[in-house]
Amino acid sequence: MINITLPDGAVRQYEAGVTALDIAKSISEGLARKVLAAKVNGEVIDATRPITTDATLQLLTWTDTDGKSTMWHSSAHLMAEALEALYPGVKLGYGPAIEGGGFYYDVDLGGRTINEEDLRKIEAKMVELAKHNSVYTRKEVSKADALQYFTEKGDEYKIETIHELADGSITFYTQGGFTDLCRGPHIPNTGFIKAIKLTNIAGAYWRGNEKNKMLTRIYGITFPNQKELDEHLALIEEAKKRDHRKLGKELELFTFSEKVGLGLPMWLPKGALLRERLQRFLQEAQMATGYLPVVTPHIGNKNLYVTSGHYEKYGQDSFRPITTPEEGEEFMLKPMNCPHHCELYKASPKSYKDLPVRFAEFGTVYRYEQHGELHGLTRVRGFTQDDAHLFCRPDQVKDEFMKVIDLVLYVFNSLGFQNYTAQVSLRSKEDRSKYIGTDENWELAEQAIIESAAAKGLPTVVEYGEAAFYGPKLDFMVKDALGRKWQLGTIQVDYNLPERFELEYIGADNAKHRPVMIHRAPFGSLERFIAVLIEHCGGKFPLWLAPTQVKILPISDKSQEYAEKVAAQLKAADIRAEIDDRSEKIGKKIREAELAKIPYMLVLGEKEATDNLVAVRRQSKGDLGTMTMDQFKELVNEEVVNRKPFE
RNA sequence: GCUGUUGUAGCUCAGGGGUAGAGCACUUCCUUGGUAAGGAAGAGGUCGAGAGUUCAAUUCUCUUCAACAGCUCCA
């Protein structure tokens, strides 16, 4: 008999060789019907594999992340089975589940191309095969047998993969008439897969190497019921509607021009106003926390970046230097603000009493990004960082970190991002050779980050080996209204630049010491942040940010005069209002203001003029009735001051 | 940068070897209308760019540029 410990701490006894599925049945039949896989001693395995020793067991169902990915991985096999049935001779590369949901399989169709219609056919075949309730059967095979199987099948990709595996650790999985080299685990049978959607086709190099052959990658996603698939598809539709590139155009926020250059966004008046408002918001918060504004030029002498080390590391992948005509001196477009800020630090000698020094700048930087990488506002070649560099003593790192976390959370909360996590990136535990700086300082900084994140109650994930070579960091990920994750703010400790720029301060011991530098950007970049904000709120900005807050809609020309009077009053109250004075019907004016996502509309006719009132309409909510100007101004003011989210 | 798809009016898109169409937007006129599209007329295009095939190319072929999807990359 073996002891099985369940997640609630209960210990049950079973015969050795029992499977997770058996155990589930012993608890309840209903549970057994939902079990996709099992986590035994922390390792995810087939629910049908025998358990031979004492173990902790977690039954995985569709509600578990690991349960989902097991099902998606099994779905990739189901798709491969369908592909073999439809396209005999197809060769298979890799077919994993993907983190964001769903799965893909890289396949070699032997020169055949497939299109949308083919996807529907493959889907239909998958649905048909899934109904067979084929069991996923695991089999351990020797390396020789494995090679023989795929040699006979003529699949060179699998053969290449097998060559790299150790004999004795090779397993095959078979469902229906399809057998694949696979580590597993898999769901019990194909019957769990009820709803299937193949989403897109793309090229992908074998093993991600562009020197290798390009395979066809087919993406798909599956669900245990049609309802969840429908919800998933609705979410994709909603995401398309909220695409910042589409909304940016519709709401006249920003634009691109081939003539100006790729990846160089230009801000239209409405977008520029929004951007300025965000800048001012952060600037005010920073001034209150002891930051000092600085301004540095858009270009810097190449030597600056040689000193910082960026030239050596990124020089070849940067915009080429520009040269002065007479002297031939080389200047680079600024790819980072920190080297400039280091030189600012050195402008005067520093005492330990001066620290921390906090230099803040909305610095526009330019980086060469590969053509295929450019994407709306999220991946550009010129962007503005809400950058600041904190120069402090090693003993001040923790305190500074706490303050920065406060600032970042203040920004997120003010902008309606309620759902965030923090990733702490530390040194790799094994190999520490690639990191610059003393062990002692790293230890201090890593502890400071962990402790300050804990002190602030941040939901945190620690990743070893993810630190930059120059220091550990803390990255903020937010989840937007559609549940998508974005990386925004970042805080990074840097031991490298103070060293390279020989930054110093005079300590209480009258000796020279090296300050620690902290890079931080709550938004990351204004461009990227605004893109995320647009998609988060679907273009319906909170009132305090909305480019136009109020649209005044006179019912006819007769109300024009009153409309202008109201507009003047709003302007005097610092409320951004516009009049729609076209001779269109009120229904049309309302429709257009609604589509432009203007938060408030004032419908003004003869009645309102007579009573000296305004009829207020709220975007996507409708008529709020009439009120006095004072009441309306108070309504707006309250919403602005509290930075309420749109809805 | 690589692979694939796409490129027609300001926007969304139809068409197709004989140099072009719709809806919305725009301009003018009529209409003065009470909570999501009033009516009429008009203007607007080297059909992304270059080359080739052809009597004739926006349409076919090639090259190129850009957008999109994915891959690789990202201080």
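Computed from a prediction, not measured in an experiment: that's the story for all the values here. Residue numbering restarts at 1 for every chain, and letters A, B, ... go by the order of the sequence lines.
Using a 4.0 Å heavy-atom distance criterion, Q385(A) is classed as making no nucleic acid contact. Within 4.0 Å (heavy atoms only), Y104(A) reaches no atom of the nucleic acid at all. Contact annotation for K607(A): base contact, defined as any heavy-atom pair under 4.0 Å involving a base atom. Contacts of N200(A) with the nucleic acid, taken as non-hydrogen atoms under 4.0 Å apart, involve only primed sugar atoms and P, OP1 or OP2. Residue contacts for S318(A): at a heavy-atom cut-off of 4.0 Å it reaches a base atom on one of the strands shown. In this structure, E606(A) reaches the bases: a heavy-atom distance under 4.0 Å links it to at least one base atom across the strands shown. A468(A) comes within 4.0 angstrom of nothing in the nucleic acid, heavy atoms only. Looking at heavy-atom distances under 4.0 Å, R245(A) makes contact with sugar-phosphate atoms alone, never a base.
Near RNA chain B, meaning a heavy atom under 4.0 Å from it, residues 256-265 of chain A has E258(A), L262(A) in order of number.
To the nearest 0.5 Å, atoms OH (Y219(A)) and CG (L119(A)) are separated by 13.0 Å. Atom CE of M332(A) and atom CD1 of I299(A) lie 11.0 Å apart (nearest 0.5 Å). Distance NE2/H340(A) to CZ/F359(A): 13.5 Å, rounded to 0.5 Å.
Rounded to whole Å, the C1' atom of rU19(B) lies 10 Å from the corresponding atom of rA56(B). Rounded to the nearest Å, the gap between the C1' atom of rA9(B) and that of rG21(B) is 10 Å. When the C1' atom is compared between rG16(B) and rC73(B), the two are found 41 Å apart, to the nearest whole Å. To the nearest whole angstrom, the two C1' atoms, one in rU8(B) and one in rA20(B), are 8 Å apart. Using C1' as the reference atom, rC30(B) and rG17(B) are 45 Å apart when rounded to the nearest Å. Atom name C1', nucleotides rG45(B) and rU59(B): the rounded distance is 16 Å, in whole Å.
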Where protein sits on nucleotides 36-50 of chain B, one letter per nucleotide: B base, S sugar-phosphate only, - none, heavy atoms under 4.0 Å: BBB------------
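RNA chain B is contacted by both K249(A) and A204(A); K249(A) maps to the nucleotide lying nearer its 5′ end (nearest heavy atom per residue). In this structure, R207(A) and K313(A) both approach RNA chain B, and ranking their closest nucleotides by distance from the 5' end singles out R207(A).
Close to rG1(B), at under 4.0 Å from its OP1 or OP2, lies a side-chain N or O of H371(A).
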Dot-bracket encoding per residue of RNA chain B, Watson-Crick/G-U cut-off under 3.5 Å, | denoting interstrand: (((((((..((((....[..)))).(((((.......))))).....(((((..]....))))))))))))....
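If you measure from atom CD of Q560(A) to atom P of rG34(B), you get 17 Å, rounded to the nearest angstrom. Look at CD on E250(A): it is 13 Å from C1' on rA25(B), rounded to the nearest Å. Here the P atom of nucleotide rG4(B) and the CD1 atom of I218(A) are 16 Å apart, to the nearest Å. Rounding to whole angstrom units, CG of residue D580(A) and P of rU35(B) are separated by 16 Å. Regarding K246(A), its NZ atom lies at a distance of 9 Å from the C1' atom of rU12(B), rounded to whole Å. As rounded to whole Å, 14 Å separates atom C1' of rC11(B) from atom CG of L251(A). Spacing between atom CG of D317(A) and atom P of rC73(B) amounts to 12 Å, rounded to whole angstrom units. Remark: P of rG1(B) and CD of E369(A) are 13 Å apart, rounded to the nearest angstrom.
Looking at the side chain of D557(A), the nearest of the listed nucleotides rG33(B), rG70(B), rC26(B) is rG33(B). When distances are taken from the side chain of A615(A) to each of rC71(B), rU35(B), rC68(B), the shortest belongs to rU35(B). Side-chain proximity of H375(A) to the nucleotides rA69(B), rC71(B), rU3(B) is greatest for rA69(B). Residue M214(A) places its side chain closer to rG70(B) than to any other of rG70(B), rG1(B), rG34(B).
No option in W442(A), F469(A), Y495(A) other than W442(A) meets the ring pair (Phe, Tyr, Trp, His ring centres under 6.0 Å) test with Y435(A).
Interface remark: the R379(A) side chain does form a donor-acceptor pair with the rC74(B) base, using a distance-only criterion of under 3.5 Å. Scanning atom types as modelled, no donor and acceptor separated by under 3.5 angstrom connect the side chain of E252(A) and the base of rG10(B).
The pair D243(A)-K240(A) does not count as a salt bridge, with every side-chain nitrogen at least 4.0 angstrom from each carboxylate oxygen. Note on K551(A) versus E578(A): salt bridge recorded, some NZ/NE/NH1/NH2 to OD/OE distance being below 4.0 Å. Under a 4.0 Å N-O distance rule, the pair R217(A)/D106(A) qualifies as a salt bridge. We find that E160(A) and K213(A) are not joined by a salt bridge, their nearest charged nitrogen and carboxylate oxygen being 4.0 Å or further apart. Under a 4.0 Å N-O distance rule, the pair K597(A)/E250(A) does not qualify as a salt bridge. The pair E400(A)-R520(A) fails the salt-bridge criterion, with no side-chain N (NZ, NE, NH1 or NH2) lying under 4.0 Å from an Asp/Glu carboxylate O.
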Check against side-chain hydrogen bond (donor to acceptor under 3.5 Å, both in side chains), R207(A) and Y157(A): CA-CA 10 Å; R207(A) 311 200 132 174; Y157(A) 305 102; over 6 Å; no
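A pairwise comparison of heavy atoms in L407(A) and P522(A) identifies CD2-CG, 4.1 Å as the closest pair.
In the model, Y600(A) has a side-chain atom that pairs as donor or acceptor with a side-chain atom of R618(A) under 3.5 Å. For the residue pair Q492(A) and H519(A), no side-chain donor N or O sits within less than 3.5 Å of a side-chain acceptor on the partner.
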